[in-house]
K.L.:
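Could you have a look at this structure, given as structure tokens, before my questions?
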Amino acid sequence: MSVSTAQFNQKKRALFEKYYGFLNAPQQEAVRTVRGPLLVLAGAGSGKTTVLVNRIGNLILFGDAWQNEELPAEADEIYAEMCEAEGGSRAKIRTALEKTAVDPARPYRVLCITFTNKAANEFKERLQTLLGDRANDIWAGTFHSICVRILRRHIDLLGYTGSFTIYDTDDVKKLITAIMKRRHTDEKMLSVKAVISLISRYKEKGYDAEEMLMDAGKDDRIVKTANIYGEYQRELKQSNALDFDDIIMLTDKLFSEFPEVLQKYRTQFDYILVDEFQDTNPSQNRLVTMLGGGKENVCVVGDDDQSIYSFRGATVENILQFDRAFPRAKTIRLEQNYRSTGHILDAANAVIAKNRERKGKNLWTAAGEGELIRVERPTNQNEESSFIAYEIKRKVTSGECRYGDFAVLYRVGALSNNIEQAMVKARIPYRICGGLRFNERREVKDVISYLSVVNNPADNVRLRRILNVPKRAIGDTTASRLESIAAAEHDSMYAIACRANVYPELGKAANKLIEFSRLIESMRDYAEEHTLSETVEYIVTASGYMRFLAEEAEADGDIEHEREQNVRELLSTVRQFEDSAENPTLSAFLEEMALVSDVDSLEEGQDAVTLMTVHSAKGLEFPVVFLIGFEDGLFPSLQAIMEGGIEEERRLAYVAITRAKRMLYLFHTESRMLYGRTEYRSPSRFLAEIPDEHTQKSYEVRRTAAPDPYTKRQTEEIRFGRPRETARPAGGQTVFAAGDRVKHAFFGPGEILAAQEMGGDMLYEIRFDSGSIKRIMGSFAKLQKE
DNA sequence: TACTGGATTATTTTT
DNA sequence: TAATCCAGTA
């Protein structure tokens with residue numbers, strides 16, 4: 001027998017489909033296409049991660065077998081095996097398929113880039129289960145971790161040393177503030193915040209200070225900021241420190257100025273995959289383009305409709321114009337949604353369809369219509385949160401849900417307060433995302449600063465932080481003098497401190513500085529000969545920091561000694577790191593602390609309601625979602641309305657809606673107290689974009705015929721009324737309707753504003769003659785007709 | 001240097 | 001409202 005090429009490839013393809021049968025057609029297509037540039041537009045809940053993981057698995061197991069149509073040498077033999085395997089198990093199919101493998105990718109030649117550590121870890125884990133130990137050699141990580149890995153090896157070409165420190169936002173703020181103070185920049189004209197974000201925006205575009213200055217034209221703010229940028233960059237270099245933007249920008253620079261370095265990595269990486277491509281900024285995009293140029297085996301996955309980070313430099317253009325960077329690019333759309341039920345998905349589709357700048361996708365689901373979206377209009381935020389607490393309690397008590405099934409989402413963090421209070425009051429377990437992180441605590445940052453200085457004594461910002469903590473009589477005056485001497489001598493503050501007695505202007509503080517430098521020196525010596533955890537222990541004792549914290553706790557009456565606890569926790573983190581990391585050096589530990597936030601490790605665990613912003617909910621899903629504050633001026637935000645950022649807000653709304661699997665509640669209050677002011681609120685304009693057939697409103701809406709002359713928008717007149725579904729009698733109790741007068745045993749007489757069926761019971765909204773408005777369940781209220 | 005009070009000012013956040 | 005920051009005082 002002699003099998004033809006066509007026959008062989010057909011069989012091969014049939015087996016592929018059997019093996020990857022758990023994937024739908026476009027997903028299979030994405031897995032199969034390994035050569036050439038590929039853009040995967042993955043809608044919300046379309047199984048994007050599964051595709052990426054299996055695509056890598058496929059690369060490593062079968063190489064480009066599916067795109068390579070050449071007949072292998074022992075075609076007949078393999079063909080026979082394939083025929084035999086066809087009816088067999090997955091393992092059998094795989095064994096046969098493996099024989100067809102053409103040039104399987106070596107794991108270390110695969111680069112998989114994500115945005116968050118959480119995503120990176122998820123990939124690593126899933127690849128591990130798929131490929132076993134081979135997975136460990138895959139370059140999977142965040143943009144930042146991968147760039148740091150590259151920079152550690154080559155950054156000396158750019159005039160830094162490999163032991164550089166990574167500055168977090170706090171360090172950056174300190175440094176910028178100091179520079180602005182020195183330059184007598186009027187903070188009223190130009191805030192530190194504005195300067196930081198402006199510099200960041202230019203760094204993301206890959207501009208240096210001079211290029212920024214050229215770009216500034218006559219804009220005084222930009223000119224001023226460009227000058228600050230120049231000084232800032234010099235200071236960073238002097239301190240041998242990089243900020244987060246530098247990590248990307250300098251890797252870019254390294255590649256464009258040293259082609260041989262770029263060539264090395266271009267040669268190494270046969271295949272590049274990028275997740276969440278819609279979140280890339282221009283310099284990240286350039287990095288991908290540079291690395292992927294040549295072989296062009298670049299696969300980017302993303303959803304232009306979920307691009308919600310433009311405020312930190314991400315640009316949708318990267319995904320919209322991927323085919324411009326790679327003209328041969330093939331586009332695959334993943335449009336089947338495995339997450340939400342019909343009404344929810346249709347609502348999301350309807351809202352996002354209003355955006356102009358998009359590739360265009362239409363998600364569909366094989367799941368049924370599911371439940372209607374509930375739209376509620378509480379009088380104020382207290383009612384909003386007690387309604388939610390009530391709903392959660394009810395669904396948990398009835399056994400329908402667990403606490404972990406619920407999420408409360410909001411546009412701004414400020415809205416979490418009320419919800420939190422309601423959860424406490426109702427004794428509902430909850431977890432709240434955001435807030436102060438572990439490594440942002442003062443005591444943790446202090447200890448990290450000691451470690452940074454030991455690792456890199458040139459680090460002026462962190463040296464300054466610990467110079468007088470705990471108190472060692474080195475005041476602000478001395479610190480400033482030290483700083484200006486260092487600037488004049490083009491040397492580090494640490495180096496000056498070491499020879500402080502040479503400078504008469506330091507006076508008798510010189511001795512203190514020398515003493516301090518000896519302390520650091522002793523730490524450095526200690527670190528040479530001891531393990532990481534021993535060193536950290538030595539540092540916190542020898543510096544007197546632990547004692548300082550203990551005394552402080554005594555003085556404040558802090559019985560828990562919380563700050564000391566946190567330092568101990570940091571110590572146990574160090575020990576954990578020692579046990580798990582392959583290379584447990586001080587420098588590696590500091591890197592991990594800088595690039596890995598504890599939010600990544602948090603998560604899961606107890607059964608609790610999740611409270612978070614819509615932004616942080618991206619990538620997550622929940623059976624039941626409550627979206628609160630769905631009001632114009634809040635969502636979309638006021639500044640988005642004024643500055644024309646509506647499309648991004650709409651994408652945000654799209655993200656919010658698509659988080660829900662089975663039930664979605666949208667809330668907009670009648671009035672809300674925010675930032676100490678109570679304001680009447682109108683519903684989000686996005687609400688009107690959801691077709692009525694997908695929602696169930698607990699109030700009546702009438703659209704006026706003529707658009708409002710000021711806003712040019714169609715106005716809505718809202719009033720309480722009967723819910724669309726007429727109430728049914730429940731459990732023998734009398735059922736009331738809106739408008740009825742009733743009497744409550746405790747609250748007295750009142751009028752029903754709204755009545756709504758709810759889980760075999762009636763929920764009434766009643767305005768009592770005393771003036772208060774309450775929501776009460778019918779079975780609970782013991783109402784009588786008045 | 002620690003404390004007090006008045007002014008100020010509030011998106012979204014990962015690395 | 002609530003948190004934070006700065007200036008002025010003890």
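None of the values given here were measured: they were computed from a predicted structure. Lettering follows sequence order; numbering is per chain, from 1.
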K.L.:
Round to the nearest Å and state the distance from L620(A) atom CG to dT14(B) atom P.
P.N.:
12 Å
K.L.:
Any ring pair (Phe, Tyr, Trp, His ring centres under 6.0 Å) pairs touching residues 164-205 of chain A, not counting sequence neighbours?
P.N.:
Y202(A)-Y207(A)
K.L.:
Checking salt bridge (Lys or Arg N to Asp or Glu O under 4.0 Å) for the pair R650(A)/E689(A): CA distance, chi angles, key distance, verdict?
P.N.:
CA-CA 10 Å; R650(A) 196 177 273 113; E689(A) 295 172 0; 2.9 Å; yes
K.L.:
Could you give the CD1-to-C1' distance, from I113(A) to dT14(B), as a whole number of Å?
P.N.:
16 Å
K.L.:
Nearest whole Å is fine: how far is dT1(C) P from E420(A) CD?
P.N.:
18 Å
K.L.:
Expressed as a whole number of angstroms, how long is the span from R149(A):CZ to dT15(B):C1'?
P.N.:
17 Å
K.L.:
Give a yes/no answer on whether the side chain of N417(A) brings an N or O atom under 4.0 Å of OP1 or OP2 in dA2(C).
P.N.:
no
K.L.:
Please tabulate, one pair per line, each protein N/O and nucleotide N/O from nucleotides 11-13 of chain B that are separated by under 3.5 Å, including the distance.
P.N.:
from: dT11(B); atom 1: OP1; to: Y675(A); atom 2: OH; distance (Å): 3.4
from: dT12(B); atom 1: OP1; to: G413(A); atom 2: N; distance (Å): 3.0
from: dT12(B); atom 1: O4'; to: R411(A); atom 2: NH2; distance (Å): 3.2
from: dT12(B); atom 1: O2; to: R411(A); atom 2: NH2; distance (Å): 2.5
from: dT13(B); atom 1: OP1; to: T613(A); atom 2: OG1; distance (Å): 2.5
from: dT13(B); atom 1: O4'; to: R312(A); atom 2: NH1; distance (Å): 3.4

K.L.:
Atom CG of L638(A) and atom P of dT9(B): how far apart are they, to the nearest Å?
P.N.:
17 Å
K.L.:
Take the protein atom CZ of R442(A) and the nucleotide atom C1' of dT4(C), then report the distance between them rounded to whole Å.
P.N.:
15 Å
K.L.:
More 5' along DNA chain B: T169(A) or N468(A), using each one's nearest nucleotide?
P.N.:
N468(A)
K.L.:
Syn or anti for dT12(B), please, going by whether the chi angle lies within 90° of 0.
P.N.:
anti
K.L.:
Just to verify, what does N418(A) make a side chain to side chain donor-acceptor pair (under 3.5 Å) with, not counting sequence neighbours?
P.N.:
none
K.L.:
Under the rule for side chain to side chain contact (heavy atoms under 4.5 Å, CB included), what residues qualify as partners of N281(A), not counting sequence neighbours?
P.N.:
E204(A), S283(A), Q284(A)
K.L.:
Please give, in whole Å, the distance from dT15(B) P to D170(A) CG?
P.N.:
17 Å
K.L.:
Measure from NZ or CZ of R651(A) to the centre of the six-membered ring of Y654(A) and say whether it is under 6.0 Å with the direction within 45° of the ring axis.
P.N.:
no
K.L.:
Need to verify one output field. Residue with the more 5' nearest nucleotide on DNA chain B, K471(A) or F244(A)?
P.N.:
K471(A)
K.L.:
Please report the distance, rounded to the nearest Å, between CG in N439(A) and P in dT14(B).
P.N.:
11 Å
K.L.:
For K425(A), what residues pass the side chain to side chain contact (heavy atoms under 4.5 Å, CB included) criterion, not counting sequence neighbours?
P.N.:
none
K.L.:
Return the set of residues passing side chain to side chain donor-acceptor pair (under 3.5 Å) with T658(A) (not counting sequence neighbours), or none when no residue passes.
P.N.:
none
